[in-house]
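Have a look at the structure below, then the notes.
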Amino acid sequence: MTKIFTTGITRRSMLKTTATAALVGAVRTAFPSGAFAAGAGPEVKGVKLGFIALTDSAPLIIAKEKGFFDKHGLPEADVAKQASWGATRDNLVLGGAANGIDGAHILSPMPYLIHTGKVTQNNKPVPMAILARLNLDSQGISVAKEYAETGVQLDASKLKAAFEKKKAEGKEVKAAMTFPGGTHDLWIRYWLAAGGIDPNKDVSTIVVPPPQMVANMKVGNMDVFCVGEPWNEQLVNQGIGFTAATTGELWKGHPEKALGLRADWIEKNPNAARALLMAVMEAQAWCESMDNKAEMAEILGKRQWFNVPPKDVLGRLRGDINYGNGREVKGTDLYMKFWKDGASYPFKSHDTWFMAENIRWGNLPANTDIKALVDQVNREDIWREAAKELGVAAADIPASSSRGKETFFDGKVFDPENPSAYLDSLSIKAAS
């Protein structure tokens with residue numbers, strides 16, 4: 001936690017004061033006339049942002065609900081629900097000036113896929129930028145209850161025989177994710193492949209928007225899925241399936257969603273981009289506090305946001321996981337991180353892994369210059385500028401853009417300095 005953010009804030013104290021005063025009183029000392037006392041304010045009063053109904057969109061929602069956008073000079077900031085990641089992409093391509101959106105809560109690889117034109121109409125590149133990571137951990141891989149007797153958890157190989165049997169009966173085995181090349185696609189592919197199940201040959205991968213996962217599994221449209229919360233917890237609460245593993249068990253402290261914006265919006269509105277980022281960073285710190293989790297679940301559960309019972313949000317926010325298969329754990333460190341452990345910083349090494357995995361599965365060409373691409377899209381420089389302006393302690397700003405080597409649950413090691421070696425070590429991947 002940075003020095004500018006007070007800790008141990010209770011819900012009562014938050015209600016007794018404004019959100020700004022309760023959370024960042026120290027910022028007033030540094031900037032008595034507001035964050036922009038020393039320089040020009042935002043070029044615009046608002047920004048059009050998209051979100052999907054997933055718990056990791058909370059920083060944008062909390063920034064709106066708690067007045068952080070207002071505080072930083074963006075009183076007209078709009079946070080609009082998107083029907084799917086495909087709709088998010090299409091609205092980003094349109095842009096806010098054409099009734100689309102300027103930025104979004106987004107799957108971390110998506111800005112790269114849009115930037116390169118790999119997922120846009122006519123493969124037209126739309127320059128994009130990542131300003132921050134929104135969270136770490138707390139996605140889930142869930143399985144239909146018909147597979148409960150396999151005992152499948154982190155080891156996906158326990159599903160292999162059951163899948164083979166189903167295919168031998170002439171039935172299709174479906175693995176659902178939320179967007180090709182996105183984080184959920186990569187997590188479920190990694191999990192299946194580590195268990196000896198080829199996601200390109202042994203199952204059919206299908207795309208389902210996050211809020212529709214539970215309903216689709218209820219009617220038997222998929223066998224397994226990967227999605228963020230609160231949908232894995234809702235699945236368990238409704239008795240439809242169970243969680244085999246959370247993604248933090250695959251890779252502890254993994255990056256997940258990002259704050260992505262059109263590059264032209266940032267270029268036109270550099271002060272507003274920093275203002276937006278500062279508002280989101282303050283919201284991330286608010287979301288991190290355990291004292292705020294119950295209120296956060298109530299806010300996210302509202303009709304205009306997720307339209308779900310707060311209990312579907314709250315449990316895993318606190319690290320309490322009912323897997324739905326007889327396992328139930330309390331107070332784990334697998335809860336979603338919004339600020340802790342450098343969760344907000346857009347490490348380039350994390351994006352390097354996402355690009356390597358997209359090469360692995362054929363979404364990007366094998367000769368992609370990963371470093372050059374990451375340098376184009378990842379704007380960690382803006383994060384550092386915003387952190388300095390906000391008053392984040394120097395000790396809390398990472399010294400490097402790399403987290404170094406990462407180790408996965410199956411023993412694989414990713415070295416961001418040598419992604420080719422990592423790709424060469426993988427036995428299951430798309431044909432080159």
Side-chain angles (χ1 to χ4, degrees), residues 47-54 56-61 63-64 69 74 77-82 84-97 100-120 124-136 178-186 210 228 255-270 272-281 283-284 338 343-348 350-355 358 363-364 373-383 386 401:
V47 58
K48 296 180 180 179
L49 302 172
F51 82 99
I52 294 285
L54 290 163
D56 40 41
S57 67
L60 302 191
I61 294 169
K64 183 68 175 178
F69 287 134
L74 296 171
D78 181 47
V79 181
K81 186 182 291 186
Q82 308 295 297
S84 65
W85 292 118
T88 300
R89 170 205 56 204
D90 294 343
N91 282 323
L92 281 168
V93 170
L94 279 174
I101 55 179
D102 305 304
H105 148 254
I106 198 165
L107 300 163
S108 283
M110 275 187 69
Y112 290 92
L113 298 173
I114 296 170
H115 183 85
T116 56
K118 297 301 179 185
V119 296
T120 58
K124 181 181 178 181
V126 177
M128 293 290 298
I130 286 176
L131 297 192
R133 203 77 60 199
L134 292 180
N135 71 295
L136 307 178
T178 62
F179 190 85
T183 54
H184 303 123
D185 186 25
L186 302 183
E256 183 47 45
K257 303 302 187 299
L259 174 60
L261 284 111
R262 287 178 58 110
D264 59 1
W265 191 89
I266 296 171
E267 183 177 357
K268 186 177 180 180
N269 307 292
R274 287 195 303 276
L276 165 62
L277 186 48
M278 287 189 283
V280 170
M281 290 164 76
Q284 287 182 278
F338 295 96
S344 177
Y345 192 82
F347 287 97
K348 288 187 175 182
H350 285 166
D351 287 351
T352 299
W353 183 82
F354 285 129
M355 295 306 96
N358 268 288
N363 298 316
L364 291 172
L373 179 56
V374 170
D375 285 344
Q376 288 173 24
V377 176
N378 185 301
R379 295 301 307 273
E380 62 172 2
D381 57 313
I382 299 177
W383 191 98
S401 63

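All values below were derived from every heavy atom in this structure, side-chain atoms included, with hydrogens, water molecules and symmetry-related copies excluded.
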Is there a donor-acceptor pair closer than 3.5 Å between any side-chain N or O of [X] and the backbone N or O of [Y]?
X	Y	value
Arg89	Thr120	no
Asp102	Lys48	yes
Asn91	Ile101	no
Gln284	Phe338	yes
Ser57	Ala53	no
Glu256	Ser108	no

Kindly compute the distance separating [atom1] ([X]) from [atom2] ([Y]), expressed to the nearest 0.5 Å.
X	Y	atom1	atom2	result
Glu267	Asn269	CD	CG	10.0 Å
Ile61	Lys64	CD1	NZ	12.0 Å
Thr88	Gln82	OG1	CD	4.5 Å
Asp56	Thr183	CG	OG1	8.0 Å
Ser344	Asn135	OG	CG	10.5 Å

Specify the closest pair of heavy atoms between [X] and [Y], including all atoms of both residues, with the distance to one decimal.
X	Y	result
Ala386	Leu277	CB-CD2, 3.7 Å
Val377	Pro111	CG1-CB, 4.2 Å
Ala279	Ala63	O-CB, 4.0 Å
Trp85	Leu54	CZ2-CD1, 3.6 Å
Ile52	Pro210	CG2-CG, 3.7 Å

Contact check, side chains of [X] and [Y], non-hydrogen atoms, under 4.5 Å:
X	Y	answer
Trp353	Pro255	no
Phe69	Val79	yes
Asn358	Leu186	yes
Leu261	Leu276	yes
Phe179	Ser84	no
Val126	Leu92	no
Ile130	Ile106	no

Item to complete: Kindly determine whether Lys118 and Asn363 satisfy side chain to side chain contact (heavy atoms under 4.5 Å, CB included), including the steps that lead there.
Response: CA-CA 7 Å; Lys118 297 301 179 185; Asn363 298 316; over 6 Å; no

Worksheet entry | Residue pair His105, Leu49: steps toward the side chain to side chain contact (heavy atoms under 4.5 Å, CB included) verdict | CA-CA 8 Å; His105 148 254; Leu49 302 172; over 6 Å; no

Discussion item. Over 60° means perpendicular and under 30° means parallel, so tell me whether Trp383 and Tyr345 are parallel, tilted or perpendicular.
Written reply: perpendicular

Fill in: Set of side chain to side chain contact (heavy atoms under 4.5 Å, CB included) partners for Ala129, sequence neighbours left out
Ile266, Arg379

Practice prompt. Start with the C-alpha distance between Phe51 and Lys81, add both sets of side-chain angles, then the distance that settles side chain to side chain contact (heavy atoms under 4.5 Å, CB included), and finish with yes or no.
Written response: CA-CA 5 Å; Phe51 82 99; Lys81 186 182 291 186; 3.5 Å; yes

Worksheet item: After noting the C-alpha distance and the side-chain angles of Leu107 and Lys257, does the key distance pass the side chain to side chain contact (heavy atoms under 4.5 Å, CB included) rule?
Response: CA-CA 5 Å; Leu107 300 163; Lys257 303 302 187 299; 3.6 Å; yes

Item to complete: For Asp351 and Arg133, run salt bridge (charged side-chain N to carboxylate O under 4.0 Å, His left out): C-alpha distance rounded to whole Å, both residues' side-chain angles, the deciding distance at 0.1 Å, then the answer.
Response: CA-CA 10 Å; Asp351 287 351; Arg133 203 77 60 199; 2.9 Å; yes

